[in-house]
Student: 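Before I ask anything, here is the structure I am working with.
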2 protein chains.
Amino acid sequence: MKISTKGRYAVRVMLDLAAHNTGEYITVKTIAERQDISEKYLEQIISVLNKGGFVRSVRGAQGGYRIAKEPSDYTVGSILRLTEGSLAPVACLDSAENECERCDTCETLDVWRQLADAINRVVDGVTLQDLLDRQNSRLGDSYII
Amino acid sequence: MKISTKGRYAVRVMLDLAAHNTGEYITVKTIAERQDISEKYLEQIISVLNKGGFVRSVRGAQGGYRIAKEPSDYTVGSILRLTEGSLAPVACLDSAENECERCDTCETLDVWRQLADAINRVVDGVTLQDLLDRQNSRLGDSYII
DNA sequence: TTAAATCATATTAAGTCAATAGGAAATACC
DNA sequence: GGTATTTCCTATTGACTTAATATGATTTAA
């Protein structure tokens with residue numbers, strides 16, 4: 001029941017780009033250094049974000065990435081689903097093909113459905129903007145002290 | 001973010017034993033047939049349940065397993081935690097040793113904490129007795145029809 | 001004594017994770 | 001036009017996990 005590094009890194013990358021959302025393009029190298037993530041691994045992850053239209057890229061020298069839309073347009077759930085795949089705790093709930101022929105009489109399916117709902121409610125209830133706001137208010141606190 | 005077969009099977013085994021809670025001992029073979037799970041694999045899983053004190057066993061001929069306490073004493077969460085280990089969505093939350101030195105400044109930790117809470121709330125809010133009750137009320141429905 | 005059963009441990013095949021590696025293609029800058 | 005920079009693409013790897021299967025020792029009722 002763990003979220004893999006891929007999904008977690010993806011959230012951090014998006015949050016990094018959201019925090020540096022000036023319209024300028026940022027290189028993988030810069031993000032990798034800031035976030036302390038392997039540059040080559042990050043390349044793969046950001047490639048998924050790019051293909052999903054979550055970021056925009058410019059190739060070549062002086063190129064890089066920037067967030068495609070506003071931070072408030074991205075929920076943590078949308079990022080995780082793009083990079084991790086389904087967040088459903090059991091395969092039966094992945095609508096695509098639920099091969100389990102026990103589904104009709106499955107006594108536990110209801111629990112998994114509740115669990116999926118609870119998970120979705122949390123991750124879809126938090127946007128990158130929310131995370132930025134929390135971050136800023138925490139920084140604000142430390143200034144007061 | 002999937003619950004493994006180990007955990008899911010464990011819940012089914014416990015539910016099976018809860019549904020046949022007559023005080024008699026039931027063999028792995030019987031459960032395996034009823035639940036359509038590999039007998040040998042089930043042996044391993046039930047061994048964990050046994051060591052955790054969730055079931056009681058009698059060795060030798062005419063031996064088997066039975067649920068140790070009342071079905072209402074077992075939440076789905078307790079069974080999953082025993083067989084799957086921690087249900088925390090990120091390792092940082094596994095109190096034992098949170099190696100991540102970013103924890104203090106981690107902007108995403110809060111989301112994972114919320115997620116863990118939501119997950120725990122669901123799985124700890126459902127007992128085997130609840131599942132039995134739902135099962136019976138569903139059977140009841142079909143009798144009416 | 002025998003058959004039935006739990007208990008214990010080792011092995012395996014397939015898959016996933018988290019990278020690393022090597023190079024092709026595009027582009028700003030001199 | 002050449003060069004350095006940077007994205008883009010795909011393959012490979014080593015470690016680990018998953019979901020079993022296999023083998024046999026131990027216990028016990030009949």
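Letters A, B, ... mirror the listed sequences (proteins, then strands); counts begin at 1.
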Student: Separation of I46(B) atom CD1 from dT6(C) atom P, in whole Å?
Tutor: 8 Å
Student: S86(B): which residues meet the side-chain hydrogen bond (donor to acceptor under 3.5 Å, both in side chains) condition with it, sequence neighbours left out?
Tutor: D94(B)
Student: Taking atom NZ as the centre, does K2(B) end up with more than 12 heavy-atom neighbours from other residues, nucleotides or ligands that are less than 6.0 angstrom away?
Tutor: yes
Student: Report the residues that fulfil side-chain contact (heavy atoms from CB on, under 4.5 Å) with A116(A), sequence neighbours left out, ordered by chain and then residue number.
Tutor: P89(A), L93(A)
Student: Any donor-acceptor pair under 3.5 Å linking the side chain of S78(B) with the backbone of Y74(B)?
Tutor: no
Student: As a quick check of understanding, evaluate side chain to side chain contact (heavy atoms under 4.5 Å, CB included) for L128(A) and I79(A), giving each step before the final call.
Tutor: CA-CA 10 Å; L128(A) 292 179; I79(A) 299 167; 3.8 Å; yes
Student: Taking only nitrogen or oxygen atoms into account, show me every contact under 3.5 Å that the protein makes with nucleotides 16-22 of chain C, one pair per line with its distance.
Tutor:
from: dA18(C); atom 1: OP2; to: T5(A); atom 2: N; distance (Å): 3.3
from: dA18(C); atom 1: OP2; to: T5(A); atom 2: OG1; distance (Å): 3.0
from: dA18(C); atom 1: O5'; to: T5(A); atom 2: OG1; distance (Å): 3.3
from: dA19(C); atom 1: OP2; to: Y9(A); atom 2: OH; distance (Å): 3.2
from: dT20(C); atom 1: OP2; to: S38(A); atom 2: OG; distance (Å): 3.0
from: dT20(C); atom 1: O4; to: Q44(A); atom 2: NE2; distance (Å): 2.3
from: dG22(C); atom 1: O6; to: K40(A); atom 2: NZ; distance (Å): 2.4

Student: Sort out for me which residue in V123(B), I119(B), T75(B) forms a side-chain contact (heavy atoms from CB on, under 4.5 Å) with L80(B).
Tutor: V123(B)
Student: Do you reckon V13(A) sits in the same ILVMFWY cluster as L109(B), going by side-chain contacts under 4.5 Å, direct or chained?
Tutor: yes
Student: Rounded to whole angstroms, how far apart are CZ on R66(A) and P on dT7(D)?
Tutor: 15 Å
Student: Strictly below 4.0 Å, heavy-atom distances to any atom of DNA chain D: list the hits from residues 10-21 of chain A, or just say none.
Tutor: none
Student: With the threshold set at under 4.0 Å for non-hydrogen atoms, list the residues of residues 49-56 of chain B touching DNA chain D in residue-number order.
Tutor: none
Student: Can you tell me how far C1' of dA28(C) sits from CD of E24(A), to the nearest Å?
Tutor: 15 Å
Student: Between Y25(B) (OH) and dC7(C) (P), how many Å, whole number?
Tutor: 11 Å
Student: Where is the tightest heavy-atom contact between W112(A) and R8(B), given as atom of each residue plus distance?
Tutor: CZ2-CG, 3.8 Å
Student: OP1 or OP2 of dC7(C) less than 4.0 angstrom from a side-chain nitrogen or oxygen of S57(B), does that happen here?
Tutor: yes
Student: The criterion is side-chain hydrogen bond (donor to acceptor under 3.5 Å, both in side chains); which residues satisfy it with E33(A), sequence neighbours excluded?
Tutor: none
Student: What's the verdict on side chain to side chain contact (heavy atoms under 4.5 Å, CB included) for I3(B) and E84(B), showing C-alpha distance, side-chain angles and the deciding distance?
Tutor: CA-CA 8 Å; I3(B) 294 172; E84(B) 294 252 308; 3.8 Å; yes
Student: How many Å lie between CD on E84(B) and C1' on dA19(D), as a whole number?
Tutor: 12 Å
Student: Please, which pairs that meet side-chain hydrogen bond (donor to acceptor under 3.5 Å, both in side chains) have at least one residue in residues 121-132 of chain A, sequence neighbours excluded?
Tutor: R81(A)-D124(A), T127(A)-D130(A), Q129(A)-D133(A)
Student: At under 4.0 Å between heavy atoms, which parts of nucleotides 1-6 of chain D does protein reach? Answer with one letter per nucleotide, 5' to 3': B base, S sugar-phosphate only, - none.
Tutor: ----BB
Student: Within a strict 4.5 Å, meaning less than it, do heavy atoms of the N21(B) and E70(B) side chains meet?
Tutor: yes
Student: Could you tell me which residues satisfy side-chain hydrogen bond (donor to acceptor under 3.5 Å, both in side chains) with E39(A), sequence neighbours excluded, listed by chain and number?
Tutor: none
Student: Dump every N/O contact between nucleotides 12-15 of chain D and the protein below 3.5 Å, one line per pair.
Tutor:
none

Student: Under 3.5 Å, which donor-acceptor pairs do the side chains of residues 46-56 of chain A form with other protein atoms, sequence neighbours left out?
Tutor:
from: N50(A); atom 1: ND2; to: S57(A); atom 2: OG; distance (Å): 3.4

Student: Ignoring hydrogens and geometry, is there a side-chain-to-backbone donor-acceptor pair from R34(B) to D16(B) under 3.5 Å?
Tutor: no
Student: Under the ring pair (Phe, Tyr, Trp, His ring centres under 6.0 Å) rule, what pairs show up with a residue in residues 4-38 of chain B, not counting sequence neighbours?
Tutor: Y9(B)-Y41(B)
